[in-house]
Trainee: 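A single structure is presented below for examination.
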Amino acid sequence: MYEIIFYFFAAVTIGSAGVVVFSRNIVYSAFALFFTFFGVAGIYVLLNADFLAVTQLLIYVGGILVLILFGVMLTTNTVSVDIKAKSLNTLPAVSVVAALAGLLAGMIWTTDWFMSKNMSEITAQTTSKEIGSALITTHLLPFEVASVVLLVAIVGAAMMARRESVKTQISNSK
Amino acid sequence: MTALTTYFNDIYRSVSSTMTGMRITFKQMISPTVTIQYPHVKMKMPDRVRNRLFMNFDDCIGCELCAKACPVDCIDIEVMKAPPTESLGETSTGQKKRIYVTKFDIDIAKCCYCGLCVYPCPTECLKMTDVYEFSEYDRSNLIYNFGTMSPSEVETAKIKVKQYDEEQTAKKAAAAAQAAAAKAAAAAVPPTAAPVQNAPPQSLDSTPTQQ
Amino acid sequence: MIETLEKPKTSTGKTLRTEEMIVNMGPQHPSTHGVLRLEVVLDGEIVTDVIPHLGYLHRCFEKHCEHMTSYQQVIPYVDRMDYVASMTNEMAYVVAAEKLLKIEVCDRVHYIRIIMAELQRIASHLIAIGTFGIDMGAFTPFLYYFRDREKILELFEMTCGARLLYNYMWIGGLSHDIPPQFVEKTKEFIVGFKKTLQEVNDLLNYNEIFIKRTANVGILPKDLAINYACSGPMLRGSGVNWDLRRDDPYTMYDKFEWDVIVGKGEMGTVGDVWDRNMVRQLEMWESLRIIEQAIATLPEGDVSKAIPKRIRPVPGDAYGRVEGPRGELGVYIIAEDSVTPYRIKARAPAFVNLSVITEISKGAMLADLVAIMGSIDIVLGEVDR
Amino acid sequence: MNELKLLLENPIVMSVLLAFVPIVFILVYALVTLYGEMKVAAHIQNRLAYMENGWHGTLQPFADILKLLQKEDIIPTAADKFLFSLAPYLVFVGTYASFAVLPFSSGFIGSNIDLGILYLVAASSLVVVGLLMSGWASNNKWSLFGSLRSAAQIVSYEIPGVLAILGVVMVLGTMNMQTMTQMQDGGIQNWLIFGGNFALGQKLALIPFMFILFVIYLLSSMAEVNRTPFDLPEAESELVQGYNTEYSGMKFAIFYLAEYANLFLVSAVVVILFFGGWTSPFGSFMGGPVWSAFWFIMKGMFFVFVNIWLRWTLPRLRVDQLMYVSWKVLTPFALFCIIAIGFIMVV
């Protein structure tokens, strides 16, 4: 049973990822990305990584995908449906992808995967507690660094967004 | 500092005005409704109400004043002057009828319910009633013909009028001829035929509409 | 309030190419109050240009009038011009025609006309504020106001038999005298209506969201309002103290004591949407004052004495104007030696007021455009005629 | 008979059956709310609403649904047919998935996972994609406007909403919705809005912040379900009908259903977070699984009613004001509350 569900999610992920890459319509690509994220979240659930799965949905679907869709919808001609994506720079792209694929394959091969004999042996247990305690004990520094970086990014974004209007106000007051 | 005051003041006013609004709407929710359940309950119409036109044909003397008063030409009347020998009866107000009304149609679909046709009527035979439910599936059903003369009656009336007209024409011609002869005899000038100015009534050859 | 942002610049200093979107608002759009079509050029949510397209409801009113068989027949047509304020339309025509024919009517006719016109002004303002509330997303005040408008319509029905298109004021008089129970019913209405007015004032006009939506939006400065020949609440909302009832008193408005309401910019700038709306709201109180005085001092007389049997004026022309709910409603009649008017021209206040929309809605947001349109209070029947 | 028993004992069959419980609830609830909203709106406006079908028009919702089912399903020629058809279902799935973690009673919860409330927040963010899809696929400028506004609104209001949830999670120390509810059991005084099940001093200190968080969550939940005063995505006076302008028939019905389901969902979350979920206000009196389902639904329906009441009272905000409320009012207040609650819980 779990295998069926796993293959279902795997098929959804890979199939929609194919649509993302090969679709000529950039909006279709963006929407297919939704199913990719969704499938990945499903696989996370099967791996008992419930916190990761939920976060995947929350951040990638609720945040990043919406941002992408906004970008696509606001920058392309929204009235007509035919928004085409062109294939550019085939050769460099293929080489970069090949290198990346090699890297990933090497990683998969060299990692010592934990394999369970029996899927039903794995009992549902939550990971949030472990993640929480790990974040504020052993991994405190990276966690804090990440939050500081994010804070800097937010402040910077606010500054950049604000500068224009400040300038306008100055020019208006002149 | 003022910015901060405005900020909190805005929040305070939003909350308080929302509360006021909710209080008012809640009070209205528990107060009785004003709806009238129309097909089951009907409002009492005032006496002066102007809805569907009604015409009492028995009282019509065919004066056509209503048709002239109508701003949208929804009243269609055809009349013939009856020979004075003919007795058409009297209206309820005691006025003598002298005109055949061969057709009296009101296209109520065109009517704008202004009531202007009611006032000029000398016999008060037109009035606006309080009937307001008269929708129809077919627009032609909204042409009300109030005329009570049947086609055969119209035919006989036409014949009578024609006969009378012919008699009158003949009489006139005879009179004219006589006069001319007398004139000719008096002035010894070749007589000229007097022009016959007796065109038939305009609606003589029209037929009543269906329905 | 709305600061137009500069377009973002690229590193080379050129502005990024952004496309403006043209949307057609109407003729079938819920907030165009009929069949107005606005061609709106949008930069994001900011309106950069508005082009009104008129004529979807044009019914050749003026041409029709030239083909009537009498001056009397024009009145049902005038009714249909501004169909939410028929009484004032009739009043404008009748004032013009009586000027042309030099008919003097008795005081009772004047008083009843004033009562009717003020009731009609209230009814019209009720619709204006109610639909404006709908434009702002508040549906409930509209129905509260409709509940009370219904009572005004009942008064009208009782008097002349019709609820919307009255054919009540005739040249030289009125079609009917007021029925005996009219005065009593009107007093009853006034008592109940004052409560509704206060209630909706709290519910809608002083709601913080409503204030935030309308204050400082669509500001129409004094000089612009005068230059565009705006009139009515539109003009008074901009702080111009001008009311034909006081400044060019027709019928007997000078006999009554009341105030001209002028926008003060209580919540923002003088001449914003909130001011225009508030002028309407407060004008209803003044109308109630006039009605109360008129009812208390209603003179006796025969309302149909001066009605001429047959109208055939000496050739000439006359311009009669009244302060309608939307502004100066003028009727200009040219008569030749005939029972038919040679030419009738109506100066429709809604048409003139609408012309200012392009000027005041530039730079506003799409939602503000709806607010501005609602505050102008157009009736397409009058704009297109 | 035996086969049936065996079939019922099969965990997969059982979970499929369990998955159908919320949809039955949603359908019944949607009919009730459809009727209720019309009636409440009508009585607020001094009207009567449905009166013809059945006693006081009680059969009218069925007639409405039948009408929607029978209607021709119109897909505009210029629309993107696939995405246009997919969008309403995606919106509904997003909402429906969240029902999995709602503790309907002490005896029933679809999935008693530890991350309940986080999952709920994540699942409801799926709705955004569906809304964007519907607006874009309709190939209508007003629809696109509506869906972009809707997405911007939901994404912004998620911040204060989640912060308010975070405040409660800090107090209770769990994200499991069943545990959250159980911690507020034992009578009305243990509900979080009245300070929760803590020592008196802590309790009194918590009450004001809990109240502020409650208001913040109520407002942001109203924004997330696109209700007045935050109904800009479907503002009929501006955008005709927003993202569902072009929809008709069954697809429109699905949107409608999703909207109502979402309305109950956020009301239920308000109840779980601040009003003790399925717990009886009288402690153990009127407790038990059946009574607790009753309390849960009643409390949920009360907040649905508050939503409806507010909808027919208030005008609508403007887009920039909407963002102002989210970012400059709700978010700072929520952050302030979180800091204060942190102090209270630590001290």
Side-chain angles (χ1 to χ4, degrees), chain B residues 6-29 31-36 43-53 64-75 110-120 122 127-130 132, chain C residues 64-65 67-70 72-80 138 140-141 143-144 146-148 150-151 154-168 170 175-179 181-182 185 196 198-212 304 307 309-310 339:
Chain B
T6 337
Y7 177 79
F8 282 106
N9 200 20
D10 276 0
I11 293 172
Y12 166 72
R13 280 199 309 188
S14 316
V15 173
S16 66
S17 65
T18 306
M19 288 297 157
T20 318
M22 285 175 86
R23 187 173 49 79
I24 291 169
T25 43
F26 190 78
K27 219 163 67 190
Q28 292 290 345
M29 187 161 30
S31 69
T33 56
V34 294
T35 312
I36 293 165
M43 251 159 76
K44 203 185 154 288
M45 299 292 240
D47 303 333
R48 294 176 182 177
V49 76
R50 300 201 311 248
N51 287 315
R52 184 164 77 174
L53 265 176
E64 289 185 277
L65 281 175
C66 50
K68 280 187 195 117
C70 182
V72 291
D73 298 338
C74 74
I75 303 176
K110 273 190 204 166
C111 179
C112 69
Y113 308 97
C114 60
L116 282 179
C117 54
V118 176
Y119 303 103
K127 66 166 187 278
M128 300 201 99
T129 58
D130 58 356
Y132 52 90
Chain C
H64 259 309
C65 296
H67 291 269
M68 292 291 140
T69 51
S70 77
Q72 183 66 52
Q73 285 186 355
V74 175
I75 291 175
Y77 279 88
V78 185
D79 274 342
R80 282 156 177 80
T140 308
L143 283 157
Y144 291 167
F146 246 59
R147 187 185 60 200
D148 281 61
E150 190 67 23
K151 287 176 192 148
E154 267 163 31
L155 288 175
F156 285 156
E157 191 182 24
M158 199 163 80
T159 314
C160 67
R163 297 171 71 82
L164 198 67
L165 306 158
Y166 311 106
N167 188 18
Y168 180 60
W170 284 3
S175 73
H176 299 87
D177 200 348
I178 51 171
Q181 67 274 45
F182 180 86
K185 284 254 170 93
T196 315
Q198 193 52 51
E199 214 172 64
V200 176
N201 205 28
D202 293 344
L203 178 63
L204 184 73
N205 293 324
Y206 280 94
N207 184 295
E208 185 64 15
I209 296 176
F210 184 81
I211 292 169
K212 282 272 178 278
S304 52
I307 297 175
K309 279 273 173 291
R310 190 175 142 79
V339 292

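Just so it is clear: chains get the letters A, B, ... in the order the sequence lines come, proteins before strands, and each one is counted from 1.
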Trainee: Quick one: what part of B:Met22 sits under 4.5 Å from any heavy atom of chain C, side chain, backbone, both or neither?
Mentor: neither
Trainee: With a 4.5 angstrom heavy-atom cut-off, is it the side chain or the backbone of C:Tyr77 that approaches chain B, or both, or neither?
Mentor: side chain
Trainee: Heavy-atom distance under 4.5 Å to chain C: side chain of B:Pro46, backbone, both or neither?
Mentor: side chain
Trainee: Give, as side chain, backbone, both or neither, the part of C:Thr140 having an atom under 4.5 angstrom from any heavy atom of chain B.
Mentor: side chain
Trainee: Please determine, among C:Pro179, C:Ser175, C:Ala138, C:Ala162, the option with the most heavy-atom pairs under 4.5 Å with chain B.
Mentor: C:Pro179
Trainee: Within the 4.5 Å heavy-atom criterion, are C:Leu203 and C:Phe210 side-chain neighbours or not?
Mentor: no
Trainee: Where does B:Ser16 contact chain C at under 4.5 Å (heavy atoms): side chain, backbone, both or neither?
Mentor: neither
Trainee: Are the side chains of B:Lys68 and C:Gln73 in touch, meaning some heavy atoms are under 4.5 Å apart?
Mentor: no
Trainee: Is it true that B:Thr20 and C:Asp202 share a donor-acceptor pair across their side chains at a distance under 3.5 Å?
Mentor: no
Trainee: Find the distance between CD1 (C:Ile209) and CG (C:Leu204) and round it off to the nearest 0.5 Å.
Mentor: 11.0 Å
Trainee: Answer with side chain, backbone, both or neither: which region of B:Met45 has an atom nearer than 4.5 Å to a non-hydrogen atom of chain C?
Mentor: side chain
Trainee: Of the listed residues (C:Arg80, C:His67, C:Met68), which shares the most heavy-atom pairs with chain B below a 4.5 Å separation?
Mentor: C:Arg80
Trainee: Hey, are C:Glu154 and B:Lys44 close enough for a salt bridge, meaning a charged N less than 4.0 Å from a carboxylate O?
Mentor: no
Trainee: Quick check: closest heavy atoms across B:Arg50 and C:Leu165, and the distance to 0.1 Å?
Mentor: NH2-O, 3.2 Å
Trainee: Any idea which heavy atoms bring B:Pro122 and B:Leu65 closest together, and the distance?
Mentor: CD-CD1, 4.3 Å
Trainee: Which one of C:Thr159, C:Val74, C:Ile75 has the most heavy-atom pairs closer than 4.5 Å to chain B?
Mentor: C:Thr159
Trainee: What part of C:Tyr166 gets closer than 4.5 Å to chain B, counting heavy atoms only: side chain, backbone, both or neither?
Mentor: backbone
Trainee: Relative to chain B, which of C:Gln72, C:Arg163, C:Glu157, C:Glu150 shows the most heavy atom pairs under 4.5 Å?
Mentor: C:Glu157
Trainee: Highest number of heavy-atom pairs under 4.5 Å with chain C: which of B:Ser17, B:Pro71, B:Cys114?
Mentor: B:Pro71
Trainee: Taking OH in B:Tyr7 as the centre, count heavy atoms belonging to other residues, nucleotides or ligands within less than 6.0 Å. Is the count above 12?
Mentor: yes
Trainee: Using heavy-atom distances under 4.5 Å, tell me whether B:Asp10 contacts chain C through its side chain, its backbone, both, or neither.
Mentor: both
Trainee: Just wondering, are more than 12 heavy atoms of other shown residues or ligands nearer than 6.0 Å to OH in B:Tyr12?
Mentor: no
